[in-house]
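Beneath this line is the structure, given in structure tokens, with notes to follow.
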2 protein chains.
Amino acid sequence: MLMALECLPCFLRQALYAARLSTPAADLRQKIVREVARLLPDLDMTSTPPENSMLVYETIARLSGCPDPFLDLKKTSNQRALDLLPRLKEILAAAADPLWAAIRLAMAGNVIDYGAHHDFDLNQALGDCLAREPAINHYGLLQKDLRTARTVLYLGDNCGELVFDGLVLERLKQEVTLAVKERPIINDALREDALTCGLDRLAKVMDNGTACPGTPVPLCSPEFQQAFAAADLIISKGQGNFETLSETRAPLYFLLMVKCQVVADHIAALTGMPARAVTTGDLVLLRTPHWR
Amino acid sequence: MLMALECLPCFLRQALYAARLSTPAADLRQKIVREVARLLPDLDMTSTPPENSMLVYETIARLSGCPDPFLDLKKTSNQRALDLLPRLKEILAAAADPLWAAIRLAMAGNVIDYGAHHDFDLNQALGDCLAREPAINHYGLLQKDLRTARTVLYLGDNCGELVFDGLVLERLKQEVTLAVKERPIINDALREDALTCGLDRLAKVMDNGTACPGTPVPLCSPEFQQAFAAADLIISKGQGNFETLSETRAPLYFLLMVKCQVVADHIAALTGMPARAVTTGDLVLLRTPHWR
């Protein structure tokens with residue numbers, strides 16, 4: 001998905017938020033936001049938003065001297081999600097179709113995202129999500145494709161959210177690999193978060209070799225590219241992974257909560273739905289149209 | 001009120017919206033947003049947001065060649081408000097205190113603002129506003145000050161909204177002057193809008209000599225500055241006028257709907273209220289603390 005003009009003010013808003021997390025110094029915060037503004041006119045509008053955002057967050061890290069401003073938030077969201085685990089397991093135990101229930105919880109867990117949204121009540125958001133039907137629901141197709149797939153690559157998204165992803169991973173009968181990011185970027189999960197959330201007991205954990213809040217395959221490590229090419233089925237979690245993979249020809253299923261109208265419009269266009277048929281806050285389980 | 005870092009992404013968002021209104025050409029829109037981004041690092045953070053916004057909107061007008069991108073929206077909102085007038089008069093006829101009812105409607109009319117918000121349902125918004133108590137309500141003080149005031153200067157804000165202001169103007173027993181902006185800026189009311197909305201029958205109409213979405217007194221015309229200095233009481237309508245006058249020593253009453261948290265926090269600080277006591281969407285009738 002290409003950059004939209006809307007991404008430019010959004011990057012600046014994100015820069016302000018990250019600057020606040022990075023430093024208490026008002027002067028330095030101002031310098032960071034100004035320098036990010038200076039980057040905007042020269043961003044590559046023919047690339048994806050997550051790829052461009054790397055330059056934004058690198059600038060913030062360089063100027064602030066803080067390489068991982070979201071570290072505390074990431075730890076907190078891991079812990080909050082782990083605290084919820086007993087309740088989530090109860091929900092699953094009562095479900096008629098535990099895999100479907102796990103997928104719904106994993107979509108709901110995508111509400112944890114400090115890049116797009118800053119304030120949310122996890123409990124409230126979970127309840128809302130579980131009460132809502134996905135705007136696009138290709139679960140039937142996923143069940144069918146899972147019947148023949150022997151390997152699944154699961155592209156993780158954010159910290160905390162990983163705990164919800166684990167509910168899906170433990171129900172997959174395939175050989176599963178979980179991919180996370182190599183270096184800190186926003187609140188995206190790293191290998192250490194996967195370990196904290198106990199995901200190494202459910203899947204092989206690898207990183208994709210980037211500090212991109214998405215999965216730009218050509219920029220990923222050779223090991224990851226190989227895993228990507230070899231997987232029978234790939235579950236791509238969250239908006240950043242979707243933004244970088246929406247045009248990629250691969251056995252992809254996208255699982256996300258839509259967090260901005262640019263992405264919503266892109267999903268509608270991709271699936272031949274009318275404009276505004278998808279909107280911010282919608283849950284989506286989408287089989288890519290760019291596959292056999 | 002000084003610029004906040006939050007104003008920078010907000011300006012860029014506004015630039016994108018105005019660019020869309022100004023031209024259908026995607027390339028030109030992109031150029032406009034990029035050029036506005038280029039301005040941001042050098043904006044004067046020791047000035048007010050409306051004063052800085054002049055540079056933003058001048059840039060948009062210069063690049064697009066469209067001096068008044070909001071013209072159609074302004075005409076539409078004048079007409080929609082005039083269409084509502086019979087219903088508004090019914091509400092007033094049934095009110096125990098018609099001046100108070102008119103003030104509440106005028107605050108509610110402040111929801112019409114294409115700078116801060118783009119989508120709103122006027123009917124819905126009116127109902128919501130009338131059902132809500134103002135977060136700050138100095139109506140008792142206003143009644144008292146009106147008893148001794150012989151002249152009132154009313155600082156108009158947006159098109160459409162003017163019709164609601166008229167309900168207040170026709171209930172004031174003082175000699176009233178309505179000030180509007182001299183040249184197009186966002187959807188702020190000009191002299192022709194005051195005439196369209198019939199306000200010249202209720203007050204002397206003058207412009208403030210600027211194309212600023214506020215009232216930066218030192219930049220205003222000598223005639224306006226004289227009227228400002230001479231008025232026994234000034235009613236300042238809307239957020240832009242508040243932002244430029246919040247520190248001015250004058251007999252000011254501010255009447256507005258709060259449209260961003262930066263302004264909300266400034267109001268809280270100004271009135272000694274705890275942080276977050278005022279929030280976006282709040283209605284405010286505030287007697288300035290910077291007066292006798």
Side-chain angles (χ1 to χ4, degrees), chain A residues 2-47 49 52-53 55-56 59-60 63-64 115-119 260-262 264-265 275-276 279-281, chain B residues 2-47 49 52-53 55-56 59-60 63-64 115-119 260-262 264-265 275-276 279-281:
Chain A
L2 297 189
M3 285 277 288
L5 285 178
E6 283 86 347
C7 302
L8 303 183
C10 184
F11 282 153
L12 206 54
R13 189 182 53 74
Q14 291 183 48
L16 176 55
Y17 184 67
R20 289 223 164 98
L21 292 178
S22 300
T23 169
D27 281 7
L28 187 50
R29 288 173 176 178
Q30 191 173 123
K31 184 176 174 165
I32 290 168
V33 175
R34 286 178 155 174
E35 289 306 312
V36 170
R38 245 183 263 282
L39 290 177
L40 298 178
D42 302 312
L43 291 182
D44 181 2
M45 302 299 285
T46 67
S47 179
N52 276 293
S53 78
L55 199 56
V56 169
T59 301
I60 299 166
L63 292 174
S64 71
H117 293 289
H118 307 152
D119 296 315
C260 80
Q261 196 56 43
V262 174
D265 291 344
R276 305 279 145 165
T279 184
T280 301
Chain B
L2 297 190
M3 284 277 288
L5 286 178
E6 283 86 346
C7 302
L8 303 183
C10 185
F11 282 152
L12 206 54
R13 190 182 53 74
Q14 291 183 48
L16 176 55
Y17 185 66
R20 291 224 163 97
L21 292 177
S22 300
T23 170
D27 281 8
L28 186 51
R29 288 175 176 176
Q30 191 174 123
K31 184 178 174 162
I32 290 168
V33 176
R34 285 178 157 174
E35 289 306 312
V36 170
R38 246 184 263 282
L39 289 177
L40 299 178
D42 302 313
L43 291 182
D44 180 2
M45 302 299 285
T46 68
S47 180
N52 276 293
S53 78
L55 199 55
V56 169
T59 302
I60 298 166
L63 293 174
S64 70
H117 292 290
H118 307 152
D119 297 315
C260 80
Q261 195 57 44
V262 175
D265 291 344
R276 304 282 143 162
T279 184
T280 301

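Quick note on labels: first sequence line is chain A, next is B, and so on, each numbered from 1. Nothing here was measured: the structure is a model prediction, and the numbers come from that model. Basis for what follows: all heavy atoms, side chains included, without hydrogens, waters or symmetry-related copies.
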>> Counting only non-hydrogen atoms closer than 4.5 Å, does A/Glu6 touch chain B with its backbone (N, CA, C, O), its side chain (CB onward), both, or neither?
In response: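 Both parts, backbone and side chain.
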
>> Does any backbone or side-chain atom of A/Leu43 lie under 4.5 Å from a heavy atom of chain B? Answer side chain, backbone, both or neither.
In response: backbone

> With only heavy atoms counted, which part of B/Leu16 is less than 4.5 Å from chain A, the side chain, the backbone, both or neither?
Replying inline: side chain

Return the [atom1] to [atom2] distance between [X] and [Y], rounded to the nearest 0.5 Å.
X       : Y       : atom1 : atom2 : result
B/Cys10 : A/Leu12 : SG    : CG    : 10.5 Å
B/Gln30 : A/Leu8  : CD    : CG    : 8.0 Å
B/Arg38 : A/Leu40 : CZ    : CG    : 10.0 Å

> Do you know which of B/Glu35, B/Arg29, B/Arg20 has the most heavy-atom pairs with chain A at a distance under 4.5 angstrom?
Replying inline: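 Going by pairs under 4.5 Å, I would pick B/Arg20.
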
